[in-house]
Amino acid sequence: MKVDYIIVGLGLAGLAFCEELLSANKTFMVYEDDSQTSSLVAGGVYNPVILKRFTPVWNAAKQLEKALPFYKKLEKKLSIKIDEKFITKKVFKSIEDQNNWFAALDKPKLTQYLDEELDKSEYSGVLADFNFGNVKETGRIDTKKLVDSYRSFLKEKSIIYFEKFEHKKISFEGKFINYKDFKTSKIVFCEGFGIKQNPFFNHLPLNEAKGELITIHAPELNINFLLKSTLFVLPLGNNLYKVGATFNWKDKTSNPSEEGKEELITKLKKVINVPYKIVDQTAGIRPTVKDRRPLIGIHSKYSQLCILNGLGTRGVMIAPTVAKQLFNHLEHDVELDSETDIKRFD
Ligand SMILES: Cc1cc2nc3c(=O)[nH]c(=O)nc-3n(C[C@H](O)[C@H](O)[C@H](O)COP(=O)(O)OP(=O)(O)OC[C@H]3O[C@@H](n4cnc5c(N)ncnc54)[C@H](O)[C@@H]3O)c2cc1C
C-alpha cells in the first residue's frame with residue numbers, strides 16, 4: 001500500500017506532525033510501541049518565562065501564538081478539555097530574588113508576563129517568607145488525555161499500528177522506501193529518546209534527562225494556581241496536585257524510582273506544610289539536546305528520512321511550531337531555521 005508518509009512515534013511531536021498531514025490531505029501510517037513515556041507523564045505546563053533565571057523562553061511569544069490555537073482546535077476536534085489556564089506564582093527565596101524579579105520587569109520580552117506588584121497574600125499551607133511574583137499567560141495542557149485521545153482517533157481511522165518500528169526492515173527503492181507492506185516517500189521519526197535505537201539518527205547529541213513526578217492528595221491545600229519554587233505544585237482538581245519534577249542525567253529508564261520520590265518529598269517539605277498522601281508516581285525521559293534547540297530536518301544521505309525531535313523540557317510550546325516548520329520544508333521547500341536544522345551537527 002502506498003502512503004505519503006510514515007510517522008514513527010505518537011507523542012507530542014508525532015501528533016503535531018499528523019495534524020499538518022491531515023490538514024493537507026496527505027496519507028500516512030503511524031507506528032507507536034509505547035517504549036517512551038515523556039508526553040504521557042509531562043506536567044504539560046506552558047510558561048513563557050524561565051523562572052530560575054528570569055529570562056524569556058526561546059521564541060516564547062511566537063510559539064504560544066501557534067500553540068494555544070492548536071490545542072484549542074484539538075479540544076474541539078476530539079471533544080476533550082485539555083487546556084487549563086492559571087497564574088503561576090513564583091515563590092521568592094530572598095530579597096535578592098525579589099530584586100531580580102524587579103530587574104526582569106524591564107526586559108522587553110518579559111514585561112507582558114510579569115506582574116509589577118508582588119503578591120503579599122498568605123495561602124494556607126504554603127511556605128513563603130518573601131512573597132510571590134505572578135506570571136501571567138501560563139497554563140497546562142493535559143498531555144496524557146491529549147495523546148490518549150489522539151491515538152484513539154487514529155485507531156478509529158485505522159492509521160496507527162501499536163507496534164515497534166524496526167529500522168532494519170527499511171529498504172530503499174529510488175526515491176521511495178519500502179517498509180513491510182508500505183511504500184512511502186518520507187518517514188518522519190518522532191521517537192523522543194527512542195532515537196537512541198535509530199541507526200540513521202542516533203549520532204545526534206540527544207541527552208537523557210529523566211524526570212519524575214508524584215501526584216499527591218492534599219485536602220488542606222487549597223490553591224488554584226501553579227506554585228513554583230524548587231519544584232512545581234500543580235492543581236489537578238479534587239484536592240490532587242502534581243508535584244515535580246526531578247532531573248537525572250544518568251538513569252536511562254522510564255521507571256519511577258525511590259530516589260526520585262525521596263528527592264521530591266524532601267523538596268516539598270520546604271514548599272508546603274500540610275499533610276498529604278502520595279497517590280501516584282510517574283517518570284519519563286525528556287529528549288534534550290546539548291544546545292537546547294529542537295532537532296528537525298532531513299538525513300544527510302537518505303533524503304526520504306526526516307526527524308522531528310529534541311523538544312526537551314518544553315514540548316507543549318514547541319511541538320506545533322516545529323512540526324509546521326518541518327512540514328513546510330518538506331512540502332514547500334521553505335528553509336529551516338539554522339538554529340533547529342540538524343545540519344548544524346553535520
Ligand atoms: C517528568 C517530565 C515532566 C515534563 N514536564 C513538561 C512540562 O511541564 N511542559 C512541557 O512542555 N514539557 C514537559 N516535559 C517534556 C515533554 O514531555 C517533551 O518535550 C515531549 O513530550 C516530547 O515529545 P516527543 O513526541 O518528542 O517524545 P515522546 O513523548 O518520547 O514520544 C516519542 C514516542 O515515540 C515512540 N517510539 C519511539 N521509538 C519507537 C519505535 N521504534 N517504534 C514505535 N514507536 C516508537 C515512543 O513510544 C513515544 O510514544 C516533561 C517531561 C518529563 C519527563
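Just follow the structure's listing: the first ligand is 1, and inside any ligand the first atom is 1. No hydrogens, no waters, no symmetry mates; every other heavy atom, side chains included, goes into these values.
Comparing Ser39, Cys190, Gly11 by heavy-atom distance to atom 29 (O) of ligand 1, the nearest is Ser39. The closest heavy-atom contact to atom 11 (O) of ligand 1, among the options Ile318, Leu10, Val316, Asn47, comes from Val316. Nearest to atom 27 (O) of ligand 1 by heavy-atom distance, out of Ala42, Ser254, Gly192, Ala245, is Gly192.
Under the 30°/60° scheme for interplanar angles, the aromatic rings of Phe189 and Phe200 are found to lie parallel. Between His203 and Phe201, the ring-plane angle classifies as parallel under the 30° and 60° cut-offs.
For residues 213-222, no pair satisfies side-chain hydrogen bond (donor to acceptor under 3.5 Å, both in side chains), with sequence neighbours left out. Applying the salt bridge (Lys or Arg N to Asp or Glu O under 4.0 Å) test to residues at least two apart or on different chains, the pairs with a partner in residues 6-23 are Glu19-Lys73, Glu19-Lys77, Glu20-Lys324.
Only backbone heavy atoms of Glu163 (N, CA, C or O) come within less than 4.0 Å of ligand 1; its side chain stays farther off. Residue contacts with ligand 1, taken as heavy atom pairs separated by less than 4.0 Å, involve Asp34 solely via the backbone atoms N, CA, C and O. When heavy-atom distances to ligand 1 are checked against a 4.0 Å cut-off, Thr143 has no atom that comes that close, whether in backbone or side chain.
Considering backbone and side-chain N/O atoms, Ala13 comes within less than 3.5 Å of an N/O atom of ligand 1. Residue-to-ligand polar distances keep Gly284 apart from ligand 1: every N/O pair is separated by 3.5 Å or more.
Atoms of ligand 1 found under 4.0 Å from any heavy atom of Arg151, numbered from 1 in the order shown, are 49 (O).
At a cut-off of 3.5 Å, with distance as the only test, no side-chain donor of Asp337 or Gln325 sits close to an acceptor on the other residue.
Only one option out of Tyr31, Tyr5, Phe172 pairs with Tyr179 in a ring-ring contact (aromatic ring centres under 6.0 Å, His included); it is Tyr31.
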